[in-house]
Amino acid sequence: MVKMNIIEAIHNAMELQMRENPDVLVLGEDVGPNGGVFGTTRGLIDEFGEMRVIDTPLSESGIVGFAVGMAVAGLKPIAEIQFIDFIWPAADQIFSELAKFRYRSGGLFPAPMVIRSPYGGGVKGAHYHSQSPEAYFAHTPGIKVVVPSNPYDAKGLLISAIKDDDPVLFMEPKRIYRAFKEDIPEESYEVPLGKANIVKEGYDVTIVSFGAMLHVALDAAEEAEKEGISCEVIDLRSIVPLDIETIGTSVKKTGRFISVTEAPKTAGFSAELSALVGERWIEYMESPILRVTGYDTPFPFVLEHEYMPSTGRVLKAIRESFNY
Amino acid sequence: MVKMNIIEAIHNAMELQMRENPDVLVLGEDVGPNGGVFGTTRGLIDEFGEMRVIDTPLSESGIVGFAVGMAVAGLKPIAEIQFIDFIWPAADQIFSELAKFRYRSGGLFPAPMVIRSPYGGGVKGAHYHSQSPEAYFAHTPGIKVVVPSNPYDAKGLLISAIKDDDPVLFMEPKRIYRAFKEDIPEESYEVPLGKANIVKEGYDVTIVSFGAMLHVALDAAEEAEKEGISCEVIDLRSIVPLDIETIGTSVKKTGRFISVTEAPKTAGFSAELSALVGERWIEYMESPILRVTGYDTPFPFVLEHEYMPSTGRVLKAIRESFNY
Amino acid sequence: MSRLQILNENGDILDKNLEPDLSKETLIKALKVMIQVRMLNDKGIRLQRQGRVGFHIFTVGQEAHVGTAIALEEDDWVYPAYREHGIALYRGIEVADIVNHLFANERDPQKGRRLPGLFGDPKIKFVNPSAPIGTQIVQAAGTAYASKYRGDGGVTTVFFGDGATSSNDFHNGMNFGAVTKSPAIFICMNNQWAISVPLSKQTAQTEIYKKAVAYGMPGVQIDGNDIFAFYHAVKEATERARNGEGPTLIEAVTYRVGPHTSSDDPTRYRTDDEVKKWRVKDPIERFQKYLINKGYLSKKDIDAMYNEFEEQLNDLVDEADKLPKPELSTMFDDVFKEIPPFLQEQKEELLSFAEEEM
Amino acid sequence: MSRLQILNENGDILDKNLEPDLSKETLIKALKVMIQVRMLNDKGIRLQRQGRVGFHIFTVGQEAHVGTAIALEEDDWVYPAYREHGIALYRGIEVADIVNHLFANERDPQKGRRLPGLFGDPKIKFVNPSAPIGTQIVQAAGTAYASKYRGDGGVTTVFFGDGATSSNDFHNGMNFGAVTKSPAIFICMNNQWAISVPLSKQTAQTEIYKKAVAYGMPGVQIDGNDIFAFYHAVKEATERARNGEGPTLIEAVTYRVGPHTSSDDPTRYRTDDEVKKWRVKDPIERFQKYLINKGYLSKKDIDAMYNEFEEQLNDLVDEADKLPKPELSTMFDDVFKEIPPFLQEQKEELLSFAEEEM
Ligand SMILES: Cc1ncc(C[n+]2csc(CCOP(=O)(O)OP(=O)(O)O)c2C)c(N)n1
Ligand SMILES: Cc1ncc(C[n+]2csc(CCOP(=O)(O)OP(=O)(O)O)c2C)c(N)n1
Ligand SMILES: [Mg+2]
Ligand SMILES: [Mg+2]
């Protein structure tokens, strides 16, 4: 066991996979001597050389498209997008190409690879260093979407993503990159994609979240406990594929549901979660199916903490749900 | 009054607006002498010249970005994306730029313009000439999203979009481009953005749809009528801003809800509609909140009619909802 | 620099030094493939007009691209745009696979998922084309990088149109390819038109090969209707690439003699005169003349080639037309390698609905 | 073609014929602005280190861009990247607006929505910059087209870095600008680095001005630390543009003397030696020498300029620091021109929550 924060866990996952499999390589802006703007690739170029740790030109479409071509040839690239807010130049390569390569060719041309990218607000990043666009990718068949909320999962999920036979978008909660350390195994291990984690058991209200927001949900759940409301908190870990069963089991038990996500509300992934509850388990519901989300504005700067779901806002939703 | 199909109505709206306002211009691939691959811009170059009807290079990011620059300078460009499946190269210009221009500048730099694009399946267009990506745009604060389902609305909504002070994505249901004609006024008129239309009144089940799917919903509703189930069918017309009130009034009356959209299910706009019902009007609900959508696969080719919501599938949902 | 032409419109070699040293068999195979491309085109038009096939992509006048295939090694990769069927045929794709694909039937290797004409085959490293224009250009650079990384000596060739030079991924492919010195060959089929948009509205640099300057890469312009110019330019580019000298841009000046696709009506935007001017530059005609002059083939031999393929094609078409479309359940395959539970559920829902009502 | 330099590192004019014919007032104003840019930079660093301001974008060594502003007319448009504060100051932005923006307080014209350093002002046609790299390049081409369409004689200038030349929208901007012959001027501030990525890894064509060839546009390379080279090249480009001859690419070779931003540590990827080499090429030093040699200013006059602005800046900072941040309710403004009902509802929800609990 070693103590690692999320950054270190991600670094470690890549390092181990690169040692194990010569087909794995890393590319992106500033991933070489600079080690990535957050340090996740620090030192990799020293161990693996610049053929395998590639500082690319400043073009996300280039990064993803180039990586797709590597994947077509059987390599396993890990493409870093410096901030997920800057992923849009690559939208065509992701939505039209990467996600559809296997399907459109009748299965003849798979192109599995990993895109890693820090996401999310709460770090004074403003407009373009704060967004949380998981819904765009979840709505795109053919790509898996994974978001860890702690170092253990970060390492295990990233290793699974690298070993996976499908394209995976691995979203990294930069707000908690260095927030805490955990004891995690030194060696390689996998956390399976598509399995949610019940972080806290409870029987009154089900709260579903992922990534950095999981901790806000958890804090609120603990506050609620003090008021005598017992919350079950589920960490999705994978958004696609989604662990519908775990959500269902919980909702059937509690009869109350809240999702907590930081993206804008309209058509966010929280809407999908609400929709699932409404179409599958409405008969169990004792109160409205709630969402605590970012507002439908571009991401602000000085008002970011007011914009994002906070313990207070989640707690308010818990009370509303419970006292309905 | 003149009889027009949707293509003609859209053409007419642009023609009238260009006559009225010299700041309005049209740009896109093949919009000049070719008149657009569907003919929506046919003849405009003859009347308005090639400075105002611009055949652009083959680059959607170029088209939208160039148009944003025109809008910053106070012109009102109408940018055509030949098929909405090809909008992704412009994702950065739409999500990061167009939608955020006003907000990020504190209101100092508005950049209102219109993007028009044919969308949707059912025309043997396969993978890349069939998609319905409204959810991606609905989830992006700062851009309005409008979808007409008939010639009258097509003209009136497009005129409103051109006159609007905000960026508007105008999605054109190509499957019904020429499906039918309607009597519509020859002169300019507006259909307001943000107002849904109750196409058929009913009291048992509320069905919400838009664009080409509206007609599938309506056909199913008529079938259901024969079985004694009375459906209220709402045509959203605007997805953003959404007419929540009209939906609410209907749902409170019927207690049953189905949305019909052709995009993939997960995190589609239908999820947003379900989520709204689940959070606002659950107490009125007598049965699960249902969605009839495309499946979570890339758009197929020969199996497209099986993929898309059909009268049969909607009818099945109506029965399920009613007989719950 | 001037435009490289080796075989002129009359089938004459302009500079004996540049006449490629290729075997009779190779040359005859190349002609056969060009003829097959032409006949697939003609058959496709008819099938589309008869409503038996949904769509058609024209290839007439661009068959000289087959010269590329002659210059490549078996293990090299090719990313086509969508008019380069000749590469696939030369490299040994089954004609039956193409025909089943056109009919999108249950034997279509792509499971009836694509518009007719958009096919690939991993056995011959001919990558399944997209429809979004330009995306393959940067992917090809990545595949080329993979060869460099592995040191396997492979080269990746990618085709795209003049319109595609305006795309984001032309810029990205050229830039990433050049800066990583990857063994890639970028071939622009400059057929003068992007649907209705003429080259002069596409770019102010209408000598497309000069765009290579922006990327620090050599660029050459060739007669795109000359199979030997293709062979020569690609051969040189492969040598540079395999020597670690990086990529090359080849501009093949040709002409889209037909409409863009079966959905297009070119009379709206161009004159017949222009088309006629190009008909006389036909790449097959001149190559046939060359082979006849050379004494490799007689007019009769050539007629036999047409007839033979006509028969083969007719048989394949008859068979393909009879086959049903892919099974409903296949809709859910290949989204992911394995069908995840949520998709399995959707599949079962559709299958049970189909059983009840369809 | 060689790199245009008019004013060398010692403040000497290399070719008297190229010495611009500008009034003393203009020259002094330009120096003043350069000094303001430098001092805003230094103040910004300190504020950031003190934690009073959240972020800092370095501008040191790139102040010669002010030469651009001298060459433009009042009605011309400018799209900055993010290190071109000098254009805004020269064109008359209120320093108070910049300072309030840095503090993102309630008087920030952008309502506290952007990282410090990313500001614009419609009064001076200085367009609010983005953060995504390159997007402004094609927008500028569109704005230039608007001038052409209206026939108002306006020119649009756009700045971007060497890294930005790899972006999709560099390609689009250059292509759309050139093919429409729009009155645009593309200025690449080639400061050798894109965060940690050196020019040699950015592109295999490291003479960026040559990228103009790909677009059929003239390209010129200038000493990017020479205010007169800027003035001269931009002036020529405006003349071509206003004559309907289309756009120009100007490559200004300069150096990012500081870190990329306050989040960057350049010791990880480059040596101090390299930085020192460039410090001696400082654009302000040489311009000061020129003005002193010319007899337009004394060392004392210049010191006074620094002191005066120091005082102004300190006052503005003191004031700005005291102001509260924008009101909570402003979060919902400017998403759309009017707040639509669904957003009004969200606003009320947040305001009532804030009242209860915050
Ligand atoms: C991104 C994108 N935009 C638009 C289209 C529609 N489209 C299909 S082919 C084509 C023209 C392509 O021209 P060119 O690259 O010259 O190839 P050619 O068809 O002439 O061989 C267009 C605009 C598309 N497929 N993809
Ligand atoms: C699309 C995009 N990708 C990545 C980034 C992160 N980033 C910010 S500045 C920068 C480097 C820019 O380099 P250059 O264009 O040379 O400008 P300079 O900073 O040197 O002035 C990068 C990679 C971004 N802002 N936008
Ligand atoms: Mg072409
Ligand atoms: Mg730079």
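Per chain, numbering begins at 1; letters A, B, ... match sequence-line order.
Heavy atoms from other residues, nucleotides or ligands lying under 6.0 Å from CD of A:Glu286 number more than 12. Atom NZ of A:Lys124 sits in a sparse spot, with 12 or fewer heavy atoms from other residues, nucleotides or ligands closer than 6.0 Å.
Scanning all heavy atoms of the two residues, the minimum distance from B:Arg291 to A:Ala275 falls at CZ-CB, 3.5 Å. Heavy-atom minimum distance, A:Asp85 versus B:Ser96: O-OG, 4.2 Å. In terms of heavy-atom proximity, A:Glu279 sits nearest to B:Leu290 at CB-CD2, 4.4 Å.
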So A:Ile94 and B:Trp88, side-chain contact (heavy atoms from CB on, under 4.5 Å) or not? Walk me through it.
-> CA-CA 9 Å; A:Ile94 300 173; B:Trp88 301 125; over 6 Å; no

Dump the intermediate steps for side-chain contact (heavy atoms from CB on, under 4.5 Å) on B:Lys100 and A:Phe299, then the final yes or no.
-> CA-CA 9 Å; B:Lys100 297 180 170 57; A:Phe299 200 93; over 6 Å; no

Quick one: do A:Met285 and B:Ile282 satisfy side-chain contact (heavy atoms from CB on, under 4.5 Å)? Show the steps, please.
-> CA-CA 9 Å; A:Met285 296 311 292; B:Ile282 199 169; 3.9 Å; yes

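Side-chain atoms of B:Tyr136 do not come within 3.5 Å of backbone N or O of A:Phe137 as any donor-acceptor pair.
Note: A:Asp92 leads A:Asp92, A:Thr140, A:Leu242 in heavy-atom pairs under 4.5 Å with chain B. Counting heavy-atom pairs under 4.5 Å between each of A:Ala138, A:Ala99, A:Gly142 and chain B puts A:Ala138 at the top. Chain B forms the most heavy-atom pairs under 4.5 Å with one residue out of A:Gly268, A:Ser259, A:Ser270, and that residue is A:Gly268. Contact count versus chain B (heavy atoms, under 4.5 Å) is highest, among A:Ile289, A:Thr297, A:Asp296, for A:Ile289. For chain A, the option among B:Ala135, B:Pro300, B:Pro288 with the highest count of heavy-atom pairs below 4.5 Å is B:Pro288. Ranked by heavy-atom pairs under 4.5 Å with chain B, the first of A:Gln93, A:Glu283, A:Glu272, A:Glu60 is A:Glu272. Counting heavy-atom pairs closer than 4.5 Å to chain B, the top-ranked of the candidates A:Trp281, A:Tyr324, A:Phe257 is A:Tyr324.
At a 4.5 Å heavy-atom cutoff, the contact between B:Leu276 and chain A is made by backbone and side-chain atoms alike. Looking at B:Ser61, there are no atoms closer than 4.5 Å to chain A (heavy atoms on both sides), in backbone or side chain. Contact of B:Glu134 with chain A is not made at all, since no heavy-atom distance falls under 4.5 Å. For B:Phe301, no part sits under 4.5 Å from any heavy atom of chain A, backbone or side chain.
Contact of the A:Arg104 side chain with the B:Tyr128 side chain is registered, since non-hydrogen atoms from C-beta on lie closer than 4.5 Å.
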